[in-house]
Q: 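Take this structure first; my questions come after.
As the structure is a prediction and not an experimental result, all values here were calculated from the model. Numbering of residues begins at 1 and proceeds along the displayed sequence.
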Amino acid sequence: MVEAGILLSDLNVELSKYGLALPNLGAVSEVAAAGVIGTGTHNTGIKHGILPTQVVALTLLTASGEILECSESINAEIFQAARLHLGCLGVVLTITFQCVPEFYLLETTFPSTLQEVLDNLDSHLRRSEYFRFLWFPHSENVSVIYQDHTNKPPSSSASWFWDYAVGYYLLEFLLWISTFLPGLVCWINRFFFWLLFKGKVEHVDLSYKIFNYECRFRQHVQDWAIPIEKTKEALLELKTVLENNPKVVAHYPVEVRFARGDDILLSPCFQRDSCYMNIIMYRPYGKDVPRLDYWLAYESIMKKAGGRPHWAKAHTCTRKDFEKMYPGFRKFCTIREELDPTGMFLNVYLEKVFY
């Protein structure tokens, strides 16, 4: 059990002192435990659910001042709502996570093509516990990433020059230039694949150090979960849209991850194994970049595939959309209205979700 405000970066270190770890983590750990579960943070691995599935109990301070203990056996319906709470059910005070013995991961990164990965998706999912891949738009290039338990000693191929001088500072500079010459984006995507992703790379470390990775500079992001069987169809449609609309440019990567289905009311993976398809447009030196055409095309594809947006990422959905997307949405609304009848915990964003 931990206080809900603890940062995962601190929790990872504390768990390590006791030989423990969380079985899965997102890309960033500088976030509070309550926020991580409240927005449905996820990583990848078809045997693993989103991070809220690792919660076995929590305590909730409601609008009336009552403190509720919630778990599968106590206040079970509220528990299935509160594990992904959006901050609107009350104040989460404590969270009990299901931990596992501390473990090391071997991360193997190697190049492939979009067609190869999509044609052999089931095979990739079987081969690696934490499988994901990065597609470089305007090309066939893919970087496949396997992460698996290992007994090998820690090792790293990290290099300040390649990871930061090139993979951060040079990329930001070139993307800034591309805001004046958008046609350069296609070249930049291919160039950086050749520069940084064309070879096989291995890296061994404690699990949380492998799960966490550099997200680079400011960015706009969308991330929707679609039924896993729609992965190939949706990605190829996105590729076709970009090919047929040369004025629409897309930064690399499109990150594709996977998660096991669950029974959490507002989970994007509710009652189905899912593929998360994350698109990104960087903001070099804080500069906004044209993205509306890309955004709307992507959202259209995601909705057609039965997608549900990540709660912490950009989207244009309203209550009417959520009622169609989530079989448990009305039940969540009933629970929210019972716990917070005056809307104490609502904000401008949540009013768009629930009204």
Side-chain angles (χ1 to χ4, degrees), residues 1-8 10-12 14-15 18-26 31-43 45 47-101 225 259-274 308 310-312 322-323 325-347 350 353-354:
M1 178 189 291
V2 298
E3 293 180 343
I6 189 172
L7 297 180
L8 290 191
D10 295 328
L11 179 58
N12 293 333
E14 289 302 312
L15 289 176
Y18 295 93
L20 297 171
L22 293 173
N24 211 348
L25 287 167
V31 284
V36 163
I37 69 166
T39 54
T41 296
H42 69 94
N43 184 17
K47 295 179 181 178
H48 299 272
I50 62 176
L51 268 61
T53 63
Q54 299 172 177
V55 176
V56 295
L58 56 82
T59 57
L60 185 69
L61 174 64
T62 68
S64 66
E66 183 181 7
I67 295 179
L68 299 178
E69 302 288 340
C70 303
S71 68
E72 291 282 5
S73 58
I74 305 171
N75 293 313
E77 284 197 348
I78 294 176
F79 181 61
Q80 295 306 69
R83 284 202 284 175
L84 201 164
H85 52 76
L86 298 184
C88 67
L89 301 182
V91 178
V92 179
L93 301 178
T94 66
I95 302 171
T96 303
F97 287 104
Q98 178 62 62
C99 297
V100 297
R260 190 189 68 226
D262 58 54
D263 57 358
I264 300 170
L265 294 180
L266 290 190
S267 167
C269 302
F270 183 71
Q271 296 182 342
R272 69 190 193 194
D273 291 345
S274 299
R308 299 165 181 159
H310 190 315
W311 291 104
F322 296 129
E323 286 177 341
M325 294 170 176
Y326 290 94
F329 186 79
R330 290 183 182 274
K331 184 176 181 180
F332 184 95
C333 290
T334 299
I335 293 170
R336 187 199 69 76
E337 289 161 7
E338 290 174 354
L339 293 177
D340 183 20
T342 64
M344 178 186 296
F345 296 108
L346 293 182
N347 55 28
L350 290 173
V353 172
F354 294 112

Q: Using modelled atom types only, decide if a donor and an acceptor are shared between the side chain of Asn24 and the backbone of His48 within a distance under 3.5 Å.
A: no
Q: Does Glu3 CD have over 12 foreign heavy atoms under 6.0 Å away?
A: no
Q: Distance from Glu338 atom CD to Ser64 atom OG, nearest 0.5 Å?
A: 12.0 Å
Q: In the structure I gave you, are the side-chain heavy atoms of Ile37 and Ile95 within less than 4.5 Å of one another anywhere?
A: yes
Q: Would you please indicate if the ring centroids of Tyr326 and Trp311 are separated by under 6.0 Å?
A: yes
Q: Give the intermediate values and the outcome of side chain to side chain contact (heavy atoms under 4.5 Å, CB included) for residues Leu84 and Ile50.
A: CA-CA 10 Å; Leu84 201 164; Ile50 62 176; 4.1 Å; yes
Q: Look at the side chain of Asp273 and the backbone N and O of Arg260, then say whether any donor-acceptor pair between them is shorter than 3.5 Å.
A: no
Q: Return the CZ to CD1 distance between Phe97 and Ile6, rounded to the nearest 0.5 Å.
A: 9.0 Å
Q: Compare all side-chain heavy atoms of Leu265 with those of Ile335 and state whether any distance is below 4.5 angstrom.
A: yes
Q: Quick check for you: to the nearest 0.5 Å, what is the distance between Leu93 atom CG and Leu58 atom CG?
A: 9.5 Å
Q: Could you check whether atom CD of Glu323 has more than 12 heavy atoms from other residues, nucleotides or ligands sitting under 6.0 Å from it?
A: yes
Q: Answer yes or no: is there a side-chain heavy-atom contact under 4.5 Å between Val55 and Phe79?
A: yes
Q: So does Leu350 get a backbone contact from the side chain of Asn347, meaning a donor-acceptor N/O pair under 3.5 Å?
A: yes
Q: Under a 4.5 Å cut-off applied to non-hydrogen side-chain atoms, are Thr96 and Val56 in contact?
A: yes
Q: Does this structure show an ion pair linking Asp263 with Arg83, if we count only N-O contacts that are shorter than 4.0 Å?
A: yes
Q: Centre-to-centre under 6.0 Å for His42 and His310, is that the case here?
A: yes
Q: Is there a donor-acceptor contact under 3.5 Å from the side chain of Asp340 to the main chain of Leu89?
A: no
Q: Going through the checks in order, is the side chain to side chain contact (heavy atoms under 4.5 Å, CB included) test met by Val91 and Leu60?
A: CA-CA 6 Å; Val91 178; Leu60 185 69; 5.9 Å; no
Q: If every non-hydrogen atom of Phe270 is compared with every non-hydrogen atom of Ile264, which pair is closest and at what distance?
A: CD1-O, 3.1 Å
Q: Strictly distance-based, threshold 3.5 Å: is any side-chain N or O of Thr59 a donor or acceptor partner for the main-chain N or O of Thr94?
A: yes
Q: Do side-chain atoms of Ser274 reach the backbone of Arg272 as a donor and acceptor pair under 3.5 angstrom?
A: yes
Q: If we ignore angles and hydrogens, is there a donor and acceptor under 3.5 Å between the side chains of Asp262 and Thr53?
A: no
Q: Between CZ of Arg308 and CG of Leu266, what distance do you get to the nearest 0.5 Å?
A: 10.0 Å
Q: So Phe354 and Phe329, do their side chains get closer than 4.5 Å, heavy atoms only?
A: yes
Q: State whether the side chain of His85 and the backbone N or O of Val92 hold a donor-acceptor pair below 3.5 Å, judged by distance alone.
A: no
Q: What distance separates Thr62 OG1 from Ile67 CD1, expressed to the nearest 0.5 Å?
A: 9.0 Å
Q: Which value, rounded to the nearest 0.5 Å, describes the distance between Leu15 atom CG and Cys99 atom SG?
A: 4.5 Å
Q: Going through the distances and angles, do Lys331 and Gln80 end up as a side chain to side chain contact (heavy atoms under 4.5 Å, CB included)?
A: CA-CA 10 Å; Lys331 184 176 181 180; Gln80 295 306 69; over 6 Å; no
Q: For residues Leu346 and Cys88, report the shortest heavy-atom separation together with the two atoms involved.
A: CD2-CB, 4.3 Å
Q: Does the Thr41 side chain pair with the main chain of Val36, one donor and one acceptor, at a distance under 3.5 Å?
A: yes
